[in-house]
Amino acid sequence: MRSIGVAIGIPEPFRTELRDWRRRVGDPNAALIVPHITLLGPTEVPTAQLPAIERHLAEVASGGEPFVIHLRGSGTFRPLSPVVFVTLAMGTSCCELLEKAVRSGPLDRPTRFSYHPHVTVAHDIDEESMDRAAELLAEYRAQFEATGFELYERGDDCAWRQLRHFPFACGGGRPTWQDDGMQ
């Protein structure tokens with residue numbers, strides 16, 4: 001079995017900024033998890049299924065084109081889940097549609113929570129540090145173009161590593177997984 005995830009990786013310089021923020025607020029996962037927007041959270045799959053999963057993800061990516069993501073401010077899932085995150089001010093509906101396409105075929109899985117695209121900056125740390133993270137990132141701003149997504153694997157050391165990048169086809173017209181073209 002392999003533990004995989006699918007996400008839109010945050011590009012530089014924002015990747016380093018967000019990883020540094022996560023370190024500053026005391027989140028021990030800062031060194032293990034690359035800043036990202038999850039499309040498929042940690043999922044156990046048989047190693048033999050990886051080729052079919054990669055074909056599925058390549059097909060999803062071939063039906064997409066780049067879109068703008070604007071990160072702005074902080075939010076939290078508390079008290080339901082001990083998470084503080086940076087919110088998406090633009091790109092939310094594209095992420096929602098992409099997540100639905102990724103979670104089909106060989107990756108069709110039930111979800112525990114409704115999908116809410118975000119970038120985690122603090123997880124499962126003390127309440128005071130969670131409050132501090134939310135306050136410090138309340139004014140955070142970043143904007144970039146999502147040009148594809150990545151397949152990640154969690155190693156025995158619990159660190160997540162990219163296995164493969166799936167670029168969007170960049171062809172003209174509306175992505176096949178996008179219903180209304182809105183971001």
Side-chain angles (χ1 to χ4, degrees), residues 2-45 57 67-104 107-146 148-163 183:
R2 311 269 290 269
S3 182
I4 64 164
V6 179
I8 297 171
I10 306 300
E12 292 296 355
F14 313 116
R15 174 183 302 217
T16 297
E17 286 176 4
L18 291 167
R19 184 173 259 173
D20 288 348
W21 277 113
R22 200 164 181 167
R23 279 188 188 112
R24 275 186 231 147
V25 298
D27 189 324
N29 292 312
L32 303 174
I33 302 171
V34 176
H36 66 279
I37 300 166
T38 300
L39 299 171
L40 174 76
T43 302
E44 295 290 320
V45 299
L57 294 173
F67 61 95
V68 174
I69 293 178
H70 186 173
L71 303 176
R72 181 173 58 214
S74 61
T76 185
F77 292 130
R78 294 183 293 170
L80 188 60
S81 182
V83 173
V84 172
F85 55 86
V86 173
T87 62
L88 270 70
M90 180 185 282
T92 301
S93 65
C94 285
C95 288
E96 290 169 343
L97 294 165
L98 183 55
E99 181 263 354
K100 184 176 179 182
V102 164
R103 281 186 175 280
S104 64
L107 293 174
D108 185 12
R109 304 284 193 282
T111 58
R112 189 170 156 203
F113 300 107
S114 296
Y115 181 67
H116 179 81
H118 65 280
V119 180
T120 299
V121 290
H123 180 249
D124 208 18
I125 58 177
D126 66 86
E127 288 296 315
E128 185 176 309
S129 296
M130 298 281 269
D131 292 342
R132 184 171 166 253
E135 182 179 321
L136 289 171
L137 288 157
E139 299 300 319
Y140 186 81
R141 304 277 188 276
Q143 186 169 312
F144 59 91
E145 186 173 60
F149 56 86
E150 291 75 38
L151 173 63
Y152 292 90
E153 180 177 23
R154 183 171 35 205
D156 292 338
D157 60 357
C158 295
W160 286 91
R161 292 175 183 84
Q162 181 179 319
L163 291 179
Q183 293 183 14

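All residue numbers in this chain count up from 1 along the given sequence.
The number of heavy atoms from other shown groups lying within 6.0 Å of CD (Glu128) does not exceed 12.
With values rounded to the nearest 0.5 angstrom, Glu44 atom CD is found 9.0 Å from Ile4 atom CD1. The structure places CG of Leu40 at 11.0 Å from CG of Leu98, a figure rounded to the nearest 0.5 Å. Note that the NE2 atom of His116 and the CD atom of Glu96 stand 9.0 Å from one another [nearest 0.5 Å]. Distance check, rounded to the nearest 0.5 Å: OH of Tyr115 to CG of Leu39 gives 4.5 Å. With rounding to the nearest 0.5 Å, the separation of OG in Ser81 from CZ in Arg112 is 7.0 Å. For the atom pair CG (Leu57) and CD (Glu150), the distance works out to 11.0 Å, reported to the nearest 0.5 Å.
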Quiz prompt | Ile37 and Glu99: CA distance, side-chain angles, deciding distance, side chain to side chain contact (heavy atoms under 4.5 Å, CB included) verdict | solution = CA-CA 10 Å; Ile37 300 166; Glu99 181 263 354; over 6 Å; no
Exercise. Apply side chain to side chain contact (heavy atoms under 4.5 Å, CB included) to Phe113 and Phe77, showing your working.
Key: CA-CA 11 Å; Phe113 300 107; Phe77 292 130; over 6 Å; no
Practice problem: Might you work through the side chain to side chain contact (heavy atoms under 4.5 Å, CB included) test for Phe67 and Ile8, ending with a clear yes or no? | Solution: CA-CA 11 Å; Phe67 61 95; Ile8 297 171; 3.9 Å; yes
Exercise. Test side chain to side chain contact (heavy atoms under 4.5 Å, CB included) on Ile69 and Cys95 and set out the steps.
Key: CA-CA 9 Å; Ile69 293 178; Cys95 288; 4.2 Å; yes
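Across all non-hydrogen atoms, the minimal contact from Pro42 to Trp160 is CG-CZ2, 3.8 Å. Across Arg132 and Val25, no two heavy atoms sit closer than the pair NH1-CA, 3.7 Å. The two residues Leu32 and Asp157 come nearest to each other via the heavy atoms CD2-O, 3.9 Å.
In this structure Asp124 satisfies the salt bridge (charged side-chain N to carboxylate O under 4.0 Å, His left out) test with no other residue, sequence neighbours excluded.
Using a 4.5 Å cut-off on side-chain heavy atoms (C-beta onward), Leu137 and Val84 make no contact. Residues Gln162 and Val34 are not in side-chain contact: their nearest non-hydrogen atoms beyond the backbone lie 4.5 Å or more apart. Using a 4.5 Å cut-off on side-chain heavy atoms (C-beta onward), Val45 and Arg109 make contact. Proximity of Leu71 to Phe14: side-chain heavy atoms (C-beta onward) are nowhere separated by under 4.5 Å. Between Glu153 and Arg161 there is no side-chain heavy-atom pair separated by less than 4.5 Å. Here the side chains of Ile33 and His36 are in contact, with some heavy-atom distance below 4.5 Å. Side chains of Val121 and Leu136 form no contact here, defined as non-hydrogen atoms less than 4.5 Å apart. The side-chain heavy atoms of Trp21 and Val119, taken from C-beta on, include no pair separated by under 4.5 Å.
The closest side-chain donor-acceptor pair between Thr120 and His118 falls under 3.5 angstrom.
Among the candidates Arg15, Arg23, Arg22, the single residue satisfying the side-chain contact (heavy atoms from CB on, under 4.5 Å) test with Arg19 is Arg23.
Of the possible donor and acceptor atoms, none in the side chain of Thr38 sits under 3.5 Å from a partner among the backbone N and O of Ala7. Formation of a donor-acceptor pair under 3.5 Å by the Thr92 side chain with backbone atoms of Met90 is not found in this model. Side chain of Thr76 to main chain of Val83: a donor-acceptor pair is present (N/O by atom type, distance under 3.5 Å, no hydrogens or angles).
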